[in-house]
Amino acid sequence: MASVIRLYVDHPLGVGQSVPLNREQSHYLFGVMRRGVGEVLELFNGLDGEWLARVVQAGKRNAILLCESKSKPMILPPDLWMMFAPIKKARTDFIVEKATEMGAAQILPVQTDFTNSERIRQDRLQNHAVEAAEQCGGTYVPPVMELQKLSKLLDGWDDRHIMFCDENRLGEAVALSQQPGPWAILIGPEGGFSPAERERLEAMPQAQGVSLGPRILRADTAAVAALALWQTSLGDWQ
Ligand code: SAM
């Protein structure tokens, strides 16, 4: 039996609600996956949970589905931000994909003193988050923010805790204090953090310097390791 296709739609979902698909989704559904009228799909929009919906019009440019019943409630991730300095394209894509799968609530690319990349394509990265949510069965898609300077972000910082993943702590015990409330993970670029950034973060009571073990991890590996550590200590993996 063919697997059920899962799609994110930017449209309200509810009993009897008719939902149009966009051109790319219609092409994917009928042109690539060869599905047709009567097919049941799983739809989610990041707000209303997941819904089973049946194809009632199979236009290759303008398909229409009809929502039948709710198949999953809306589940929000814990209030965890993933902040990271963008690296090479494929590795940045990987971080966005994994942060979505592993349950980050918001993804914030930040420009640090030694950031490799001065630009990102926010729309491309947001699409990666949508695809990752479609694939992993989540009902939530984390917003991916535009690239912003870490120093500016820290200027207006509130009481959100920061898990400051610091390569200078190599080999220290891997531990995270169990403080409740909102958190942000911070991962540096290939060149690591500058002395000025480290000094500033170390002076912030919200920031906690954390080791990710005895080896230097690439930033994308570090992002996944930090997410796993946070989720098992304070998040929804407990
Ligand atoms: N160039 C740096 C060096 O040689 O020390 C390494 C930077 S590392 C490739 C990129 C980022 O991953 C770091 O800034 C840090 O946030 C995180 N990271 C990697 N390994 C880590 C570790 N063992 N402990 C804590 N953070 C780590």
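We number each residue from 1, following the sequence as shown. Counting convention: from 1, in listed order, for ligands and their atoms alike. Both backbone and side-chain heavy atoms feed into the values below; hydrogens, waters and symmetry mates do not.
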| message | For A184, give me all partners under side chain to side chain contact (heavy atoms under 4.5 Å, CB included), at least two apart in sequence or on another chain. | response |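 Partners of A184 under the side chain to side chain contact (heavy atoms under 4.5 Å, CB included) test: W81, M83, W157, R160.
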
| message | Show me the pairs that pass side-chain hydrogen bond (donor to acceptor under 3.5 Å, both in side chains) and involve residues 82-99, at least two apart or across chains. | response |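 For residues 82-99: R91-D220, D93-R124, D93-H128, K98-E101.
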
| query | Does any pair with a residue in residues 144-156 pass side-chain hydrogen bond (donor to acceptor under 3.5 Å, both in side chains), and if so which ones, sequence neighbours excluded? | reply |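 Residue pairs with at least one partner in residues 144-156: D155-R200.
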
Contacts table for ligand 1: protein N or O within a distance under 3.5 Å of ligand N or O, distances only.
{"residue": "ligand 1", "atom": "1 (N)", "partner": "E190", "partner atom": "O", "Å": "2.7"}
{"residue": "ligand 1", "atom": "14 (O)", "partner": "E167", "partner atom": "OE1", "Å": "2.7"}
{"residue": "ligand 1", "atom": "14 (O)", "partner": "G188", "partner atom": "N", "Å": "3.4"}
{"residue": "ligand 1", "atom": "16 (O)", "partner": "C165", "partner atom": "O", "Å": "2.6"}
{"residue": "ligand 1", "atom": "16 (O)", "partner": "G188", "partner atom": "N", "Å": "3.0"}
{"residue": "ligand 1", "atom": "20 (N)", "partner": "L217", "partner atom": "N", "Å": "2.9"}
{"residue": "ligand 1", "atom": "23 (N)", "partner": "G213", "partner atom": "O", "Å": "3.3"}
{"residue": "ligand 1", "atom": "23 (N)", "partner": "R215", "partner atom": "O", "Å": "2.9"}
{"residue": "ligand 1", "atom": "24 (N)", "partner": "L212", "partner atom": "N", "Å": "2.8"}

| query | Does the cation-pi check pass for R35 over F30, that is, NZ or CZ under 6.0 Å from the six-membered ring centre and within 45° of its axis? | reply |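 No, R35 does not lie over the aromatic ring of F30.
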
| request: Scan side-chain atoms only and decide if E42 and S71 contain a donor-acceptor pair under the 3.5 Å cut-off. | output: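 Short answer, no.
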
| Are a donor atom and an acceptor atom from the side chains of Q179 and H161 found within less than 3.5 Å of each other? |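 Yes, side-chain donor-acceptor contact under 3.5 Å.
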
